[in-house]
2 protein chains.
Amino acid sequence: MPDQGMAEDMHSLVEHRLRRIDQRYTSGRRAIVDLLVTAGHPVSIGDIAERLPDLPRSSAYRHLTDLHAAGLVRRVAANDEFTRFELAEDLTEHHHHLLCVNCGKVIDVTLPSGAEQQVTSVISQLADTAGFQPHSHRLDVLGLCSACA
Amino acid sequence: MPDQGMAEDMHSLVEHRLRRIDQRYTSGRRAIVDLLVTAGHPVSIGDIAERLPDLPRSSAYRHLTDLHAAGLVRRVAANDEFTRFELAEDLTEHHHHLLCVNCGKVIDVTLPSGAEQQVTSVISQLADTAGFQPHSHRLDVLGLCSACA
DNA sequence: ACATAGTCTAAGACTCAGTCTCAATACAAG
DNA sequence: CTTGTATTGAGACTGAGTCTTAGACTATGT
């Protein structure tokens, strides 16, 4: 969890990015971003509705869409589940996901830099052979979390 | 694309797996499996409706659900797109996906075995630190396909 | 061949995640 | 304060995916 100073920097970055596309950093949007920061893992619309009961569903969708348009939020498709959302990689460490196929839990994990480099080089190989221009990647591991195992 | 012999073996494997859970390998199910085999990449319900116009949507869903329950089909969540389906890994080579963020195209790619081993070892590291029991994994690369670049 | 018990299917009603519209409100800048 | 623009809540709407049901099919026993 980021400390106060980091969180402040992050909020001003978010504000700046929104301003660039003529959008304001309002309380509703800030509530969503705060929730994503404190959650520390991808959240579904259901999670948001639970934690921000006064925020209408459609507003939550709109905020997420706007933040997504500003490149501040990304979508994570869990296995058979609903769409979840997390902060974009610019705002957090690059990480991957462990998805529990039993309880649906999503765990964020960060690779040691050596391992991450291995993955990146594997991806360049992949992309080259297909004439594909990679922007980002995701490595999801499906299995059972410690509680469900 | 698998040759005739491989396809036959695969169909009898599918039949056997269905039999184990008291289900038959009927024409509707076979049509879905054939389509997945010949497609060679994940297909959406829309694709299925287009190629099998006489098969009702709800039947397609049911077949896919049944095949999924038998462990013969897996779901692939494309980026912001609809759910797609492909044959389970037992029936095909283990592979990964290049997802075009512009046109939504999904390209299957197979890693050279050395690279695949690297990925696997990275995953064991990840899983160990979280007490996670990995079953399978997916490596998706997001970017632009050669046509959209 | 016939019966029967169980599986499979088409048709369509239904649910609910996600989108869209619009009138009312808040904000920024002069 | 006023005006133009962005934002919001409320709720209608869309469509992917699910569920139900009555009838068709298939395997097996007699």
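Letters go in sequence order (proteins before strands), and every chain restarts at 1.
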Visitor: Under 4.0 Å: is that the gap between some side-chain N or O of Y61(B) and OP1 or OP2 of dT18(D)?
Guide: no
Visitor: Starting from P on dA26(C), measure out to CG on D22(A) and report it in whole angstrom.
Guide: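 The answer, rounded to whole Å, is 22 Å.
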Visitor: Cut-off 3.5 Å, side chains only: do D108(A) and H96(A) have a donor facing an acceptor?
Guide: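 H96(A) and D108(A) do not have a side-chain donor-acceptor pair below 3.5 Å.
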Visitor: Nearest heavy atom decides the nucleotide; on that basis, is H63(A) or R24(B) closer to the 5' end of DNA chain D?
Guide: H63(A)
Visitor: Rounding to an integer number of Å, can you tell me how far H68(A) NE2 sits from dT19(C) P?
Guide: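 Atom NE2 in H68(A) sits about 11 Å away from atom P in dT19(C).
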Visitor: How about H16(B): does its NE2 atom have over 12 heavy atoms from other parts shown lying under 6.0 Å from it?
Guide: no
Visitor: Could you tell me how far apart L55(B) (CG) and dA11(C) (P) are, to the nearest whole angstrom?
Guide: 10 Å
Visitor: Whether the H94(A) and H137(A) side chains hold a donor-acceptor pair (N or O, under 3.5 Å, no angle test) is what I'd like checked.
Guide: yes
Visitor: Tell me which of I45(B) and R19(B) sits closer to the 5' end of DNA chain D, going by the nucleotide each one is nearest to.
Guide: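 The residue closer to the strand's 5' end, by nearest nucleotide, is I45(B).
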Visitor: After noting the C-alpha distance and the side-chain angles of R30(B) and S27(B), does the key distance pass the side chain to side chain donor-acceptor pair (under 3.5 Å) rule?
Guide: CA-CA 5 Å; R30(B) 181 150 183 148; S27(B) 61; over 6 Å; no
Visitor: Check every atom of dT7(D), dA10(C), dA17(C) against the side chain of R29(A) and return the nucleotide holding the closest atom.
Guide: dT7(D)
Visitor: Between R17(B) (side chain only) and L72(B) (backbone N and O only), is there a donor and an acceptor less than 3.5 Å apart?
Guide: no
Visitor: Starting from C1' on dG18(C), measure out to CZ on R84(A) and report it in whole angstrom.
Guide: 16 Å
Visitor: Expressed in angstrom and rounded to an integer, what is the separation of L18(B) atom CG from dT7(C) atom C1'?
Guide: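 My rounded result for the distance is 12 Å.
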Visitor: When only distance counts, do a donor and an acceptor, one from the side chain of S58(B) and one from the base of dG12(C), lie under 3.5 Å apart?
Guide: yes
Visitor: For T26(B), answer base if it contacts any base atom (sugar-phosphate contacts may also be present), sugar-phosphate if it contacts only those atoms, and nothing otherwise; contact means non-hydrogen atoms under 4.0 Å.
Guide: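 Counting heavy atoms under 4.0 Å across all strands, the contact made by T26(B) is with sugar-phosphate only.
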Visitor: What's the CZ-P distance between R30(B) and dC8(C), to the nearest Å?
Guide: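 Value for this atom pair: 16 Å.
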Visitor: How many whole angstroms separate atom OH of Y25(A) from atom P of dT5(D)?
Guide: 26 Å
Visitor: What is the separation between atom CG on D47(B) and atom P on dG17(D), rounded to the nearest whole Å?
Guide: 12 Å
Visitor: Counting only side-chain nitrogens and oxygens, does S59(A) get under 4.0 Å of the OP1 or OP2 atom of dG9(D)?
Guide: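 Yes, because at least one side-chain N or O of S59(A) sits under 4.0 Å from OP1 or OP2 of dG9(D).
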Visitor: R62(B) near the nucleic acid: base, sugar-phosphate alone, or nothing, with a heavy-atom cut-off under 4.0 Å?
Guide: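 Base, at least one base atom sits under 4.0 Å.
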